[in-house]
Structures are given as structure tokens and as C-alpha cells.
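Worksheet: the structure to be examined is printed underneath.
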There are 2 protein chains.
Amino acid sequence: MQATETAEPSALPERVRIVDLAAQLGLTKGTVSRALNDHPDISDRTRLRVRKAAEKLGYRPLSHAQAIRTGRVRSLGLVLQVNEHDAHRPFVAEFLAGLSQAASAEDWTLTVATAGSDEQTLDLLDRLTVEKKADGFILPRTKLHDPRIDFLRTRGVPFVLYGRTEDAGGCAWFDIESEKSIEDAVMLLAGLDHKRIGFVPGADGYSYAKLRHDGYLAGLARSGLSHDTQLIAPPAMGRDAGAAAAAILLDLPHPPSAIVCSVDAAALGVYDAARHRGLKIGTDLSVISYDGIPETTLLDPPLSTYRVDTRAAGARLAELLIKRCRGAPPEDLRELGRAAFRSRGSHGVAPAKA
Amino acid sequence: MQATETAEPSALPERVRIVDLAAQLGLTKGTVSRALNDHPDISDRTRLRVRKAAEKLGYRPLSHAQAIRTGRVRSLGLVLQVNEHDAHRPFVAEFLAGLSQAASAEDWTLTVATAGSDEQTLDLLDRLTVEKKADGFILPRTKLHDPRIDFLRTRGVPFVLYGRTEDAGGCAWFDIESEKSIEDAVMLLAGLDHKRIGFVPGADGYSYAKLRHDGYLAGLARSGLSHDTQLIAPPAMGRDAGAAAAAILLDLPHPPSAIVCSVDAAALGVYDAARHRGLKIGTDLSVISYDGIPETTLLDPPLSTYRVDTRAAGARLAELLIKRCRGAPPEDLRELGRAAFRSRGSHGVAPAKA
DNA sequence: ACTGTTGTCGAAACCGGTTTCGGAATAGAT
DNA sequence: ATCTATTCCGAAACCGGTTTCGACAACAGT
């Protein structure tokens with residue numbers, strides 16, 4: 001015996017292809033394929049026989065080999081915009097967990113990319129679409145006029161919004177009715193005898209920012225409070241901007257005794273501004289916010305906020321998108337959920353007039 | 001004209017296939033393919049002509065159609081273990097950004113899945129491998145004896161560790177030498193006259209936990225301090241566990257004047273424990289930690305910590321894995337980096353003896 | 001017994017690329 | 001001018017599945 005070990009050192013455990021399975025069963029690969037895909041022209045006896053053999057031999061089709069004929073790769077696309085407002089970072093892991101879990105349950109996968117700008121986002125959507133790396137897309141953080149929607153709609157690519165949009169034609173979505181929560185917050189504060197309630201909006205352009213703003217106005221109206229535009233601060237998505245926004249409100253001749261924030265990250269800044277002015281949160285100044293980021297429990301006092309179950313949202317979105325990719329009409333794929341109020345120490349009865 | 005609008009309302013803009021391109025050029029698809037893939041048997045003139053035509057017509061190959069012959073899908077796999085220690089959540093977005101950006105640069109994509117247990121992780125690796133959803137994998141948070149490594153190694157699937165391992169055969173990796181940072185932290189504190197320096201290790205099993213523990217010991221040795229095993233707390237990966245660990249150290253008959261934490265999330269708990277005992281961080285008790293999570297700046301005083309550039313790490317890992325998938329030997333794909341010290345208010349000179 | 005369905009499967013085309021092989025044209029050597 | 005090398009491209013096989021089409025058998029109806 002000569003040392004002719006030219007071959008691969010470790011013989012890889014050969015993949016089982018559909019022809020192997022077919023040969024083993026004495027059938028043709030076409031028949032096996034139809035049996036596995038539940039075509040009606042295969043007898044129950046054969047279908048069962050094929051299934052069992054496939055199970056035994058551990059046959060699983062190569063997804064890209066299927067895709068070449070079916071045109072479907074069984075993959076959900078997600079383009080995340082990082083960089084910008086990092087207020088949303090903490091959600092990412094939970095969101096992915098939800099998406100991925102629901103996708104896995106249907107034997108789909110998740111293809112994610114990150115972009116630093118709107119333009120790059122569209123580039124990535126284009127690339128993923130034309131190279132067919134994904135069958136459809138999840139669009140988080142919907143904007144009022146969202147270029148992603150136009151882009152995908154004109155190309156006939158399936159998508160589901162995490163959010164809502166005005167021009168709803170052809171759109172499927174899942175969203176949390178944050179406007180209802182903000183409305184609730186205002187009414188809650190009004191019930192605690194607050195007469196002047198400030199509001200820190202989210203960044204312009206995002207549809208949820210407008211909705212929450214509407215919710216604030218609805219809360220005022222239902223509480224019978226007058227609407228003073230001075231009580232609406234400039235938009236704030238982060239801690240620093242939140243502090244600046246709160247400063248404007250608190251330095252008013254007739255400042256608010258409570259502030260409602262569109263996002264937790266801005267509320268962090270409200271704490272800063274209040275501390276800087278010697279105001280005690282929860283007594284001198286009430287704060288209620290929205291999102292439910294982890295940091296809210298770190299604050300002193302912990303922040304009262306409406307918590308969104310981001311993982312559940314991701315899971316539902318994945319399910320909707322898969323249905324969409326399978327041909328369900330978008331009109332049937334629209335759902336709404338609610339955030340849960342976490343009542344903590346940052347709000348209380350309005351202080352008596354000095 | 002009759003209303004025979006039975007066809008699709010919007011005629012989708014037909015994809016350009018390689019045969020279309022070939023027909024346009026008066027060549028065969030085989031030749032076009034070879035030209036696009038830089039085969040040596042194509043003249044420069046033709047290659048250029050094909051490239052320009054492809055550009056003009058916007059031809060881009062279907063990735064799964066290529067894959068059927070090449071066996072490569074140009075996708076990096078990432079299975080994240082959520083659920084467990086949520087101490088790592090904040091990194092996820094940054095990590096993904098790094099991975100995705102570097103992958104995009106090479107025209108690869110990222111396939112991510114999340115698992116809730118080791119077993120589920122292996123299941124997902126199996127599924128992604130056999131269905132060929134990814135060409136290789138990034139393995140974050142390497143364990144001392146990591147089942148993922150065994151799994152992929154025996155199957156001949158490429159992978160890159162974010163971390164290091166003892167049984168290095170066939171392993172490529174990128175890692176931050178956190179042990180050096182911990183060692184530095186101990187020496188820094190020793191230089192500030194701290195004689196008793198406590199340590200809160202990371203969770204058992206993770207290779208970095210062992211490395212950081214080693215770094216602590218090395219720091220003591222180089223500072224000429226004795227090693228008192230009482231000063232080593234139980235492992236802690238989160239805030240509550242960190243508080244419990246710190247409690248043990250601070251309630252010692254002869255407590256430490258400084259504590260080094262393996263992870264920031266545990267340091268959060270050290271603050272709690274100190275506050276509870278009326279100790280002022282930075283004067284009564286010095287704390288230095290590791291990771292650089294965003295919350296560290298929220299604390300009072302802000303936490304001195306070694307910050308890891310998670311995005312850069314992700315980018316480097318993606319580059320290494322792509323090289324590995326292209327056939328580079330793993331021994332050539334091993335790199336190390338360093339964390340950057342963020343000196344803030346949580347450490348100071350050791351208090352004088354009472 | 002003869003035709004008409006229906007059920008079941010084999011054979012072959014097909015999807016959109018890549019790769020192998022061989023042949024024609026051109027260049028270089030004698 | 002002839003012969004060999006080399007360059008460059010066409011033709012066809014190939015990858016691993018899915019889908020279409022038609023053949024054949026069994027069964028029902030008259």
C-alpha cells in the first residue's frame with residue numbers, strides 16, 4: 001500500500017439528494033418532489049412512504065435549489081437603519097428574537113442588513129430584491145411619506161409595515177396604537193389634577209410621532225383641558241434633545257406640572273433638566289413616557305411608561321409577511337396592538353399652587 | 001374595445017437574465033458568465049464589452065441560481081442566543097451593523113437566527129447548514145468547551161469565533177484581549193494605593209470569563225499584591241447578581257476598597273449595593289468595569305470602564321469569515337484587538353484607613 | 001364489451017446560472 | 001509554407017430541485 005492520501009482527509013458525510021431518495025424508493029425524483037409537496041396526484045400510500053423514507057435518510061431540500069424553480073427563497077428581509085437615533089437600539093435584540101422565532105416556525109429565515117441613510121436603505125432593498133435574497137421585507141419605523149413603500153410597491157415586492165401609513169394602498173401592517181396610550185397618559189394626569197400638561201413629540205416625519213401628537217391632543221380634549229401650543233416642545237429623540245425640550249417647557253412663565261414624552265430616551269433628558277432646576281420628579285414634576293426601555297428602571301424615581309412587547313410585535317410581523325408572500329391580500333393583513341402601562345414613581349398628584 | 005383586463009394590472013419590469021444579456025451581445029451565456037467571473041480564457045476586449053453591457057442593462061445574477069452550481073450562497077450565518085444573560089442585548093445592534101456593513105462591501109448578506117438554548121442553537125446551525133442558508137458562521141461568546149465548534153468542525157463548515165478557545169484546531173477567530181484590560185484596571189487601582197481589590201467574575205463556562213479572571217490575577221501579581229480568594233465574588237452577569245456579589249465583598253470583615261467587574265451589567269448592581277451601604281462610589285469605593293454599555297454614562301458617578309468597539313469587531317469578523325469561506329486556512333485568520341479605557345468618576349485614590 | 005373518467009406515476013422539460021470540453025482562428029516557430 | 005501553441009469562444013452538460021404532460025391501469029357507466 002502506497003501513501004496515496006491525496007483525497008480529502010475527512011470524507012464529508014455526503015448530502016442526501018432527492019435522486020438518492022427516489023432511487024432508494026424505486027420512484028422518480030419528480031414523484032418524490034410532488035409527494036413531499038402534497039400534490040393531489042400522489043396516492044396517500046406513496047406520500048406516506050416517501051415521507052417516512054425522507055425522515056429516515058434525513059433528506060432536506062437545498063433551499064436555493066428549490067428557489068430556482070419556485071422563485072421563493074423562504075427568507076424575510078429586514079433593513080435596519082442604525083446610526084441615526086440610537087434610541088431604538090435596545091429593541092433590536094428583542095425584535096430580532098420575535099422575527100426569527102416566528103420565521104423558524106415556518107421554516108423561513110431572516111436576512112438582515114443595516115444602513116446609515118435613507119439612500120443606503122433603498123440601495124440595500126434593491127440589492128436584496130434583485131439578487132432575490134429575500135421574498136419580502138419588514139419595514140420598521142414607518143414614515144409619513146416613506147420612500148421604502150413606494151419603492152417596493154412599484155416593484156410588486158411584498159412587505160409589511162411596523163407602523164401605519166396614510167396612503168394605505170397595498171400595505172399590510174402591524175402596529176401598536178401608541179396614540180391611545182399617550183391619550184391615556186394625558187387623561188391619567190388630568191385626573192391627578194394636572195392642569196398644564198406639556199408634551200415632547202418624537203422626530204418629525206415618523207408616522208408614530210404624528211399619531212402620538214394626535215393622542216396628546218385627544219387626551220386634552222377628552223379631559224376638557226385647553227390646548228396651549230406653548231406646552232408643545234420641539235421634537236426630541238434622545239437624552240440631550242429631551243433635556244433641551246424640557247428646559248423650554250420648564251422655563252415658561254407658566255410652566256407645566258406634568259410632561260408626557262413620546263419616547264423614553266427623551267424622558268431621560270427631562271430628568272436631567274428637572275434635576276438641574278431642583279425639581280423633584282414625581283412630586284414637583286410628573287413625567288409619563290412611552291417605549292419601555294430597560295434604563296427606565298434605573299432612574300430615580302423609576303419612570304412610568306407604556307411598555308411595548310417588541311418581541312411579540314416582531315413575531316406577529318413575521319407571520320403576516322409570510323402570509324403576504326404566500327399571496328394573501330394586504331387588506332386582510334392589518335392588525336393593531338396595545339402597550340402596557342408600567343406605573344412607577346415618576347408621576348403623582350399635581351402640586352398645590354404656590 | 002372590450003374590458004378584457006384579465007392580465008396582471010401592473011406588468012412587472014422583467015428581470016434581465018444572463019441569456020438576455022448574451023443575446024444582446026451576440027454571445028452565449030457561458031461566455032458571458034465566464035467574462036463576468038474573470039475567467040482567464042476571455043479576451044480583455046470581450047470582458048470589457050460584457051461588463052459595460054451588464055452595467056447598462058442592470059444585469060445582476062440571481063444569487064440562488066449561482067448557488068446551485070457553485071454551492072455558495074454568499075451569506076454569513078449568525079445564531080444569537082437571547083433569553084439568557086440580557087447583559088449583551090445592547091451590543092446587538094452595533095454588532096449587526098459591523099457584520100452587515102462588511103458583508104455588504106463584498107456583496108454578501110447576513111442570515112440571523114435567535115435561539116433560547118444551546119440545544120436550539122445547534123438545531124438552527126444544523127438547519128441553516130443542511131438547507132444551505134449560509135456558507136459559514138460567526139460564533140459569538142465562545143465557551144470554554146463549545147458544542148458549536150465541535151458541531152461545525154466535524155461537518156467541515158467554516159466558522160469564526162468572536163472569542164478564543166483552548167482546542168484551537170481548525171479555528172479562526174477575532175477577539176478583544178479583555179484580560180489585558182482587566183490586568184490594567186487592577187494595576188491602575190494598585191497605583192492609587194488600593195491594597196484590597198475585589199473581583200466580580202463573569203459567568204462560568206465562557207472563555208472570556210476565564211481570561212478576565214486570569215487578567216485579575218496577573219494584575220495582582222504584577223502589582224505585588226497578595227491574592228486573597230475571599231476577594232473573588234461569585235460570578236455575576238446582571239444587575240441583581242452584581243448587587244449580590246458586591247454585598248458579599250462589602251460585608252467582609254476586611255472589605256475591599258475597590259472592585260473590578262468583568263461586565264458593566266454587574267457593575268450596575270455594585271452601585272446598588274454601595275448606595276445601600278452609604279458608600280460613595282469613586283471615593284469610598286472605587287469601581288472599574290468592562291464593556292462600555294450606554295448605561296454607564298447614566299450612572300452617578302459615571303462608570304469608568306473599558307469600551308469595546310463592537311461594530312469594528314463585527315466588521316472584522318465578517319471579513320475573516322468571508323476569507324475563510326473562500327478557502328483561507330484558519331491559522332492565518334486569527335486576530336486580536338484591545339478595548340479603550342474610559343476614565344470616568346467611579347474610581348479614585350484609596351480612602352485612608354479609619 | 002366498449003367507451004369515458006379518474007387516479008397514479010414516469011419521462012422530460014424547465015429554472016438561471018456555472019463549468020467542461022473541444023474546435024476554429026490566430027500567432028509563433030522552423 | 002507548414003506545423004505547433006495559444007487564444008478565445010460556442011456547445012452542451014451540469015447543479016438539484018419543481019412542474020408539465022402524457023401514458024397506463026383501474027374503475028364506472030351504458
Side-chain angles (χ1 to χ4, degrees), chain A residues 12-51 53-54 57-75 107 129-133 135 326-327, chain B residues 12-51 53-54 57-75 107 129-133 135 326-327:
Chain A
L12 301 174
E14 284 296 333
R15 254 191 60 82
V16 181
R17 294 158 305 168
I18 196 169
V19 286
D20 302 326
L21 218 187
Q24 172 89 9
L25 286 162
L27 297 170
T28 62
K29 60 175 185 174
T31 304
V32 171
S33 171
R34 275 169 294 162
L36 258 18
N37 293 319
D38 288 319
H39 281 235
D41 65 342
I42 299 293
S43 71
D44 290 341
R45 207 178 66 84
T46 306
R47 192 197 324 284
L48 209 70
R49 202 162 66 93
V50 171
R51 283 216 180 299
L57 298 191
Y59 167 73
R60 269 178 297 175
L62 241 29
S63 78
H64 58 264
Q66 300 184 285
I68 200 183
R69 192 73 222 271
T70 62
R72 299 227 243 81
V73 292
R74 294 203 323 260
S75 172
D107 204 34
T129 307
V130 60
E131 292 185 2
K132 196 71 191 188
K133 287 284 200 166
D135 299 300
R326 288 178 174 152
Chain B
L12 300 176
E14 283 296 334
R15 253 191 61 82
V16 181
R17 293 158 306 169
I18 196 169
V19 286
D20 302 326
L21 218 186
Q24 172 89 10
L25 286 163
L27 296 171
T28 61
K29 60 173 184 173
T31 303
V32 172
S33 171
R34 275 169 293 162
L36 257 18
N37 293 318
D38 288 319
H39 281 235
D41 64 342
I42 300 291
S43 71
D44 291 340
R45 205 177 68 82
T46 306
R47 192 195 324 283
L48 209 69
R49 203 162 67 93
V50 172
R51 283 217 179 297
L57 297 191
Y59 168 72
R60 269 176 298 174
L62 241 28
S63 78
H64 58 264
Q66 301 183 284
I68 199 183
R69 193 73 224 269
T70 62
R72 299 227 243 81
V73 291
R74 294 202 324 258
S75 172
D107 204 35
T129 308
V130 59
E131 292 186 1
K132 196 72 192 187
K133 288 283 201 166
D135 299 299
R326 287 177 174 155

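No hydrogens, no waters, no symmetry mates; every other heavy atom, side chains included, goes into these values. By convention in this document, chain letters (A, B, ...) are assigned in the order of the sequence lines, proteins followed by strands, and residues within each chain are numbered from 1.
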Name every residue in residues 41-49 of chain B that has at least one heavy atom under 4.0 Å from any atom of DNA chain C, in order of residue number, or write none if there are no such residues. none
Most 5' of Ala65(B) and Val32(B) on DNA chain D, judged by nearest nucleotide: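 So the residue in question is Val32(B).
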Between Val19(A) and Thr28(B), which residue's closest nucleotide on DNA chain D lies nearer the 5′ terminus? Thr28(B)
For chain A and DNA chain D, what are the first and last nucleotides along the strand, 5' to 3', with at least one atom under 4.0 angstrom from a heavy atom of the protein chain?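 Contacts span dG16(D) to dT20(D), reading 5' to 3'.
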Rounded at 0.5 Å granularity, tell me how far CG in Leu36(A) sits from NZ in Lys29(A). 14.0 Å
Looking at every non-hydrogen atom in both residues, tell me the closest pair between [X] and [Y] and how far apart they are.
{"X": "Leu62(B)", "Y": "Val130(A)", "value": "CD1-O, 3.4 Å"}
{"X": "Gly71(A)", "Y": "Lys132(A)", "value": "O-CE, 3.0 Å"}
{"X": "Arg74(B)", "Y": "Asp107(B)", "value": "NE-O, 3.0 Å"}
{"X": "Val73(A)", "Y": "Ala67(A)", "value": "CG1-CB, 3.6 Å"}

Check: Thr46(A)/Arg49(A) side-chain N/O donor and acceptor closer than 3.5 Å: no
Would you indicate whether the side-chain heavy atoms of Val50(B) and Leu27(B) approach each other to under 4.5 Å? yes
Five pairs per end, C1' atoms only: what is the angle between the end axes of the helix from dA1(C)-dT30(D) to dT30(C)-dA1(D), to 10 degrees? 40°
Please work out if His39(A) contacts a base, only the sugar-phosphate, or nothing of the nucleic acid, heavy-atom cut-off 4.0 Å. sugar-phosphate
Hey, is the main chain of Arg60(A) close enough, under 3.5 Å, to the side chain of Arg15(A) for a donor-acceptor pair?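 At least one qualifying donor-acceptor pair exists.
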Does any N or O in the side chain of Arg47(B) come within less than 3.5 Å of the main-chain N or O of Pro40(B), such that one atom is a donor and the other an acceptor? no
5'-most by nearest nucleotide on DNA chain C - Ile18(B) or Thr31(A): Thr31(A)
Going by an N to O cut-off under 4.0 Å, is there a salt bridge joining Arg51(A) and Asp38(A)?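 Yes, charged N to carboxylate O under 4.0 Å.
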